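The block underneath contains the structure these notes are about, expressed in structure tokens.
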Amino acid sequence: MKKTFLYSLAVLASLTLASCNGDYDDWAQPQTNPQEASAAKYGITFAAGTEAESSLPDNDGIINLVTVNSSDADVTGFTLKDLKVNGEAIKGEINGNSIQVDATELEKILCSQNKSRASVARDINVESKVSVNLASGDAVAINTVGTTTAKLKPSPTPAIDEKGYYMLGEVNGNGWKPTKPVWMNKVSDGVYQLKVTTEKDKNYFKFYEGSKWDETGNWDVINTGVLGCEKDGSEDASGTIYYTGDSWGTPQTMVIAGTGTWIVTLDMNNLSYSVGKPILYMAGDANGWATNDYLAGEDGVHFTGFMFLNQNGFKFCTQPEWKGTNYGANFDTAPDAANITMTEEAGYYKVDVDLGSKSYVLTPITTIGIIGSASPNGWDSDVDMTYVPYNAETKELGYWEIKDVTFTSGEIKFRANDDWAINWGGDTNALTQGGDNISVEAGTYDIKLYAWANGYAKCELIKK
């Protein structure tokens, strides 16, 4: 069987013998043997492919991922029915008794699963399903229960440019002027950001390596350092970076959809980018590892939010569902970075993050209460609320609440620690620090406060 593959990788496979569980289907004539006896008779085994440990790139573009053997002389060959890598389907073919895959497609799957193109060895679990071709012309399907294990080291990617990175395109008034690059700011090793303003519904841009910039505006020179995405005109808020000379394809142009202010992040450690509002998210044991606790900022470096934390670990992320840059212990952005663990007591905190100095500060929030002319205590003192933590069963987010509080007609605000240093007001669907007083009608209320970041915090005033 002849097959052409695009690129290559090599796998180190340490494999335990994979046996059949006897649960197989006949795809030709029914067999006269009992299922267990047939499986034992054919003696099917799945072993490591013929390619040993090495790093990409390889010469032939073909990865011999799995070797299938049989101890039965009546077995003349195999037909591949299904193949999965780390649970994800991948196209493969059998050449003799070797299951082969396209090296580039395998590398893309693994990099996508790890959200990184870093040239770091990745573990692989492979599940194979084949039919056994017999001399009689029959075919018997075998479902493997064991899995081959292997390691892949993705292809080397460009080194981090000592002169940094810049953007060209419809950002900050650049208009694709090569002589006026918009330089990005280094926020940590290999991670660069830029606060971008846009004025169109679709704003096209690309990244460029600083060392390839040409002050005369020579595009032939500049484009040797271009960094883009897979599909031209992509409006995805995040994605994988393609570069000049990339075996995966040609770098295409990204798009920021809409007008406004954005934070564009380029992560050269993992070869990824993201576009979003100046937000960080916290995910950890205290909120079920869901990226829904907000921290907001204006410059893409300093962020503030309010959340419940415990000592069982958490991380900060630039995009929901771990799709952007993730910061672990010591603000390490590697996919396998350890969790941040705090020594303070579990509790509710104001969290200030500085990506520039790779640090965070926790300010304890011991109480949050309601104060104002409509409140039972007026403007003199707070009526304290109670914190309801994240519910692991219902997935309901944590919030502060008070029930059956009676208001007169007037105004209220929320504040922390019986002090005005931290207070929430304004639009009940987008509360801000120091915002306007909130008008309420006389009545009895149940109130919930989600004391998130500035502009994302909200409250529910349920009048009974």
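Quick caveat, the model's predicted, so the values are computed rather than measured.
For Trp262 and Thr198, the side-chain atoms include at least one donor-acceptor pair closer than 3.5 Å. Side chains of Asp189 and Asn269: a donor-acceptor N/O pair is absent below 3.5 angstrom, by distance only. Of the N and O atoms on the side chains of Thr76 and Asn133, not one donor lies less than 3.5 Å from an acceptor on the other residue. Side chains of Ser234 and Gln252: no donor on one and acceptor on the other come within 3.5 Å. Side-chain contact, Asp354 with Ser359: no donor N or O sits under 3.5 Å from an acceptor N or O. Using modelled atom types, one finds no donor on one side chain facing an acceptor on the other under 3.5 Å when comparing Asn185 with Gln193. Looking at Glu199 and Thr259, their side chains never bring a donor and an acceptor atom within 3.5 Å of each other. Between the side chains of Asp352 and Thr304, at least one donor N or O lies within less than 3.5 Å of an accepting N or O.
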Salt bridge (charged side-chain N to carboxylate O under 4.0 Å, His left out) between Lys202 and Glu235, intermediate numbers included: CA-CA 8 Å; Lys202 291 188 176 183; Glu235 297 183 15; 3.4 Å; yes
List the steps, then state whether side-chain contact (heavy atoms from CB on, under 4.5 Å) holds for Asp82 with Ser128. CA-CA 6 Å; Asp82 188 51; Ser128 309; over 6 Å; no
Can you list the steps and then say if Glu170 with Lys200 is a salt bridge (charged side-chain N to carboxylate O under 4.0 Å, His left out)? CA-CA 8 Å; Glu170 292 157 334; Lys200 299 181 179 180; 3.1 Å; yes
Dump the intermediate steps for salt bridge (charged side-chain N to carboxylate O under 4.0 Å, His left out) on Lys151 and Asp123, then the final yes or no. CA-CA 5 Å; Lys151 281 190 179 292; Asp123 291 329; 2.3 Å; yes
List the steps and the verdict of side-chain contact (heavy atoms from CB on, under 4.5 Å) for Val196 and Thr261. CA-CA 6 Å; Val196 169; Thr261 300; over 6 Å; no
side-chain contact (heavy atoms from CB on, under 4.5 Å) between Ile99 and Val68, intermediate numbers included: CA-CA 7 Å; Ile99 299 177; Val68 188; 3.8 Å; yes
CA sep, side-chain torsions, deciding dist, call: Ser155, Glu107, side-chain hydrogen bond (donor to acceptor under 3.5 Å, both in side chains): CA-CA 8 Å; Ser155 302; Glu107 184 177 16; 3.3 Å; yes
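Between Ser211 and Asp161, the shortest heavy-atom contact is OG-OD2, 2.6 Å. Closest heavy-atom contact between Leu280 and Tyr327: CD2-CE1, 4.4 Å. Taking each heavy atom of Gly328 and Ala337 in turn, the nearest pair found is CA-CB, 4.3 Å. In plain terms, the two heavy atoms of Leu295 and Met282 that are nearest each other are CD1-N, 4.0 Å. The shortest heavy-atom contact between Glu344 and Gln311 is O-NE2, 2.9 Å. In terms of heavy-atom proximity, Glu105 sits nearest to Ile90 at C-CD1, 4.3 Å.
Going from atom CG of Asp267 over to atom OG of Ser116 covers 7.5 Å, rounded to the nearest 0.5 Å. A distance of 9.0 Å separates OG1 of Thr244 from OH of Tyr208, quoted to the nearest 0.5 Å. The CG atom of Asn312 lies 9.0 Å from the CE atom of Met342; values are rounded to the nearest 0.5 Å. Distance CE/Met268 to CD1/Ile241: 7.0 Å, rounded to 0.5 Å. With rounding to the nearest 0.5 angstrom, the OG1 atom of Thr291 is 13.0 Å from the NZ atom of Lys315. Separation of atoms SG (Cys111) and CG (Leu106) is listed at 9.5 Å; rounding is to 0.5 Å.
Side-chain contact check for Val361 versus Val351: every heavy-atom pair is 4.5 Å or farther apart. In this structure the side chain of Asn69 reaches within 4.5 angstrom of the side chain of Asn97, judged on heavy atoms. In this structure the side chain of Val171 reaches within 4.5 angstrom of the side chain of Ile256, judged on heavy atoms. Taking the side chain as every heavy atom from C-beta outward, Met167 and Val264 approach each other to under 4.5 Å. Side-chain contact check for Lys115 versus Ser238: every heavy-atom pair is 4.5 Å or farther apart. Under the 4.5 Å side-chain criterion, counting only non-hydrogen atoms from C-beta, Phe303 is in contact with Leu355. Looking at heavy atoms from C-beta onward, Thr240 lies out of side-chain contact with Ser272 at the 4.5 angstrom threshold. Tyr165 places a side-chain heavy atom less than 4.5 Å from the side chain of Ile160.
Within 6.0 Å of NZ in Lys350 there are more than 12 heavy atoms belonging to other residues, nucleotides or ligands.
Within the cation-pi definition used here (under 6.0 Å to the ring centroid, within 45° of the axis), Arg117 does not qualify as a partner of Tyr243. With Trp248 as the aromatic partner, Lys108 meets the cation-pi criteria of under 6.0 angstrom to the ring centre and within 45 degrees of the ring axis.
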Can you give each donor-acceptor pair under 3.5 Å made by side-chain atoms of residues 217-228, sequence neighbours left out, with the distance rounded to 0.1 Å?
residue : atom : partner : partner atom : Å
Asn218  : OD1  : Asp220  : N            : 2.9
Asn223  : ND2  : Trp219  : O            : 3.4
Thr224  : OG1  : Val221  : O            : 2.5

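For the pair Asp102 (side chain) and Lys91 (backbone), a donor-acceptor distance under 3.5 Å is absent. In this structure, the side chain of Trp183 does not engage the main chain of Leu194 through any donor-acceptor pair within 3.5 Å. Side-chain atoms of Asp72 come within 3.5 Å of backbone N or O of Asp74 as a donor-acceptor pair. Listed for the Glu396 side chain is no donor-acceptor partner under 3.5 Å among the backbone atoms of Asn391. Of the possible donor and acceptor atoms, none in the side chain of Lys180 sits under 3.5 Å from a partner among the backbone N and O of Lys177. Side chain of Asp232 to backbone of Thr253: a donor-acceptor contact under 3.5 angstrom is found. Without hydrogens or angle criteria, Asn64 side chain to Ser98 main chain gives no donor-acceptor distance under 3.5 Å. In this structure, Thr333 contributes its side chain and Asn326 its backbone to no donor-acceptor pair below 3.5 Å. Between the side chain of Asp427 and the backbone N or O of Asn429 there is at least one donor-acceptor pair closer than 3.5 Å.
Tested against Tyr387 for a ring-ring contact (aromatic ring centres under 6.0 Å, His included), the candidates Tyr399, Tyr450, Tyr348, Tyr349 yield a single pass: Tyr348.
Aromatic ring orientation, Tyr294 versus Tyr281: tilted (interplanar angle from 30° to 60°).
Between Lys163 and Glu209 there is no salt bridge, since no side-chain nitrogen of the basic residue lies less than 4.0 Å from a carboxylate oxygen of the acidic one. Salt bridge Glu127/Lys84: absent, no basic N to carboxylate O contact under 4.0 Å.
Contacts of Tyr273 classified as ring pair (Phe, Tyr, Trp, His ring centres under 6.0 Å), with partners at least two apart in sequence or in another chain: none.
Ring centers of Phe316 and Phe314: under 6.0 Å apart, within the cut-off.
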